[in-house]
Trainee: 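Take a look at this one; I'll ask things after.
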Amino acid sequence: MDLAAQAGLYVHVPFCRRKCSYCSFFSRVPGPGDLARFCAALRLQIGQVAELAEVADLSFATIFIGGGTPSILPVRALAEVLAELHHRLPVAGTAPEISVEVNPGTIDAEGLIELRRAGCNRLSIGIQSFDDQELAGLGRIHSAAEARATIAAARAAGFDNLSFDLMYGLPGQTAADWQATLDQALAFDPVHLSMYELTVEEGTDLARDAEQGRWRLPDEEEILLMMAAIDAAIGAGSLVRYEISNYALPSRECRHNVNYWQNGWYLGLGPGAVSGLGGERRTAVADLAEYCRLVEAGRPVWREVERLDREAAFRETVVMGLRMLAGVTIEDLRLRFGLDPATYYGPILERLVGQGFLRLEEGRLRLTTRGLPLANRVMAELV
Ligand code: SF4
């Protein structure tokens with residue numbers, strides 16, 4: 001695995017039109033002048049990282065503009081950022097995957113055409129649900145009709161590589177409600193689906209509402225029915241589960257995220273973005289004003305720099321790799337770290353294999369069908 005030749009480039013856009021009730025991501029509603037200042041700082045930062053020796057030797061195979069809500073920026077600004085990335089950084093010449101996250105209600109048909117022209121070839125659309133009541137409960141800014149319109153406009157703009165983000169386990173949601181959202185999503189024949197169970201994060205409005213008993217979250221039995229609905233729908237269609245929460249047509253997996261799960265190298269730009277290069281993890285300040293100030297002053301934006309030792313990096317690579325159904329390749333681990341999972345984990349691994357949670361065969365270590373729903377528990381033993 002040539003880490004330098006297939007690096008990922010991530011840009012974090014830390015703005016949303018309104019904060020969703022469940023959201024703990026770093027994003028905020030922009031104040032006057034914020035968008036322009038951020039875009040200028042980002043372009044400056046692109047120039048600054050282009051000078052770094054550790055970046056010059058990379059080749060970026062993927063670009064992912066995420067957030068937040070990148071589509072809250074004027075499309076012209078997104079196009080300028082993409083042009084700057086291509087101009088200043090070593091982006092792979094042959095067919096890089098260029099994804100942008102968009103939320104319905106923040107980009108129109110013309111904007112999508114412009115984005116496609118700017119070189120974006122993959123959209124990740126934050127749909128979450130096709131039920132207006134559920135969307136309102138989550139504090140989403142869009143309706144189901146706007147989600148449908150965004151999908152249609154994206155197709156008309158020439159995007160065939162569309163991914164939808166969906167969430168289940170929503171307040172008040174039944175298995176039948178989830179089935180309806182799932183059916184509607186699949187009726188659009190997406191090439192990629194990301195489906196996550198809602199988690200109630202501390203400090204969010206949703207957590208407060210749940211504490212005050214304003215919402216009833218689906219119980220475990222209902223969640224299991226929702227998961228079974230996913231298995232049945234996927235089993236009957238052409239999408240293939242390739243990661244715990246991600247499904248794609250063959251060869252349409254998100255290459256950017258696969259690199260991340262393989263613990264490959266990636267450079268993160270923007271406030272709060274994380275970079276993982278050459279065994280070092282750097283996290284940028286998660287504060288817009290501070291980020292802009294540092295970039296404008298030509299100073300590094302890292303709030304935290306962590307160097308993982310060989311064994312910690314190995315364990316992390318195993319645990320992240322197990323998120324993918326293909327698991328991890330023993331030979332790759334040996335070449336990268338000089339370590340072998342069977343020898344390194346010894347009896348722990350033997351037990352997990354014996355219990356039928358993991359399978360070690362054909363040079364790979366992976367979760368079994370039995371181990372998948374218990375992935376977090378299994379990974380906790382290997383971390
Ligand atoms: S759109 Fe996404 S990032 Fe923005 S507030 Fe909602 S969940 Fe958070």
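All ligand and atom numbering here is 1-based and tracks the order in the structure.
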Trainee: Is the distance from the ring center of Tyr247 to that of Tyr242 below 6.0 Å?
Mentor: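 Not under 6.0 Å, so no.
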Trainee: Tell me: protein heavy atom nearest atom 2 (Fe) of ligand 1, and distance?
Mentor: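 Result: Arg140 NH1, 4.0 Å.
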Trainee: Regarding Arg116 and the six-membered ring of Phe159, is the cationic atom NZ or CZ under 6.0 Å from the ring centre and inside 45° of its axis?
Mentor: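 Yes, Arg116 sits over the ring of Phe159.
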Trainee: Can you tell me which portion of Arg18 lies within the under-4.0 Å heavy-atom range of ligand 1? Options are side chain, backbone, both, or neither.
Mentor: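 Only the backbone of Arg18 comes within reach of ligand 1.
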Trainee: In the protein, what heavy atom is nearest to atom 6 (Fe) of ligand 1, and what distance, to one decimal place, separates them?
Mentor: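 Protein heavy atom at minimum distance: Cys20 SG, 2.3 Å.
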Trainee: Would the distance check show the side chain of Ser99 and the main-chain N or O of Phe64 forming a donor-acceptor pair, the cut-off being under 3.5 Å?
Mentor: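 Judged by distance alone, no pair lies under 3.5 Å.
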Trainee: Between Asp209 and Leu206 (side chain of the first, backbone of the second, donor and acceptor by atom type, cut-off under 3.5 Å), is there such a pair?
Mentor: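 No: the side chain of Asp209 does not pair with the backbone of Leu206.
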Trainee: Give the atoms of ligand 1, by number and element, whose distance to some non-hydrogen atom of Tyr22 is under 4.0 Å.
Mentor: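 Contacts of ligand 1 toward Tyr22, numbered from 1: 7 (S).
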Trainee: Does any N, O or S atom in Cys16 come within less than 2.8 Å of atom 8 (Fe) of ligand 1?
Mentor: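 Under 2.8 Å: Cys16 has no N, O or S contact with atom 8 (Fe) of ligand 1.
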Trainee: Work out whether the distance between some heavy atom of Gly68 and some atom of ligand 1 is less than 4.0 Å.
Mentor: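 Flag set, Gly68 near ligand 1.
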Trainee: Suppose I only count heavy atoms of Asn103 and a 4.0 Å limit; which atoms of ligand 1 are within that range?
Mentor: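 It comes down to these atoms of ligand 1: 1 (S).
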Trainee: Checking Gln45 against Tyr291: is there a side-chain donor and acceptor pair closer than 3.5 Å?
Mentor: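 Yes, because at least one side-chain N or O of Tyr291 sits under 3.5 Å from a partner of the opposite role on Gln45.
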Trainee: For ligand 1, which atoms, with element, lie under 4.0 Å from some heavy atom of Thr69?
Mentor: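 Those atoms are 1 (S), 4 (Fe).
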Trainee: Which residue holds the protein heavy atom closest to atom 8 (Fe) of ligand 1, what is that atom called, and what is the gap in Å?
Mentor: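 Going atom by atom, the protein heavy atom closest to atom 8 (Fe) of ligand 1 ends up being Cys23 SG, 2.3 Å.
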Trainee: Counting only N and O atoms by type, is there a donor-acceptor contact under 3.5 Å from the side chain of Thr204 to the main-chain atoms of Ser24?
Mentor: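 Flag not set: sc Thr204 to bb Ser24 has no pair under 3.5 Å.
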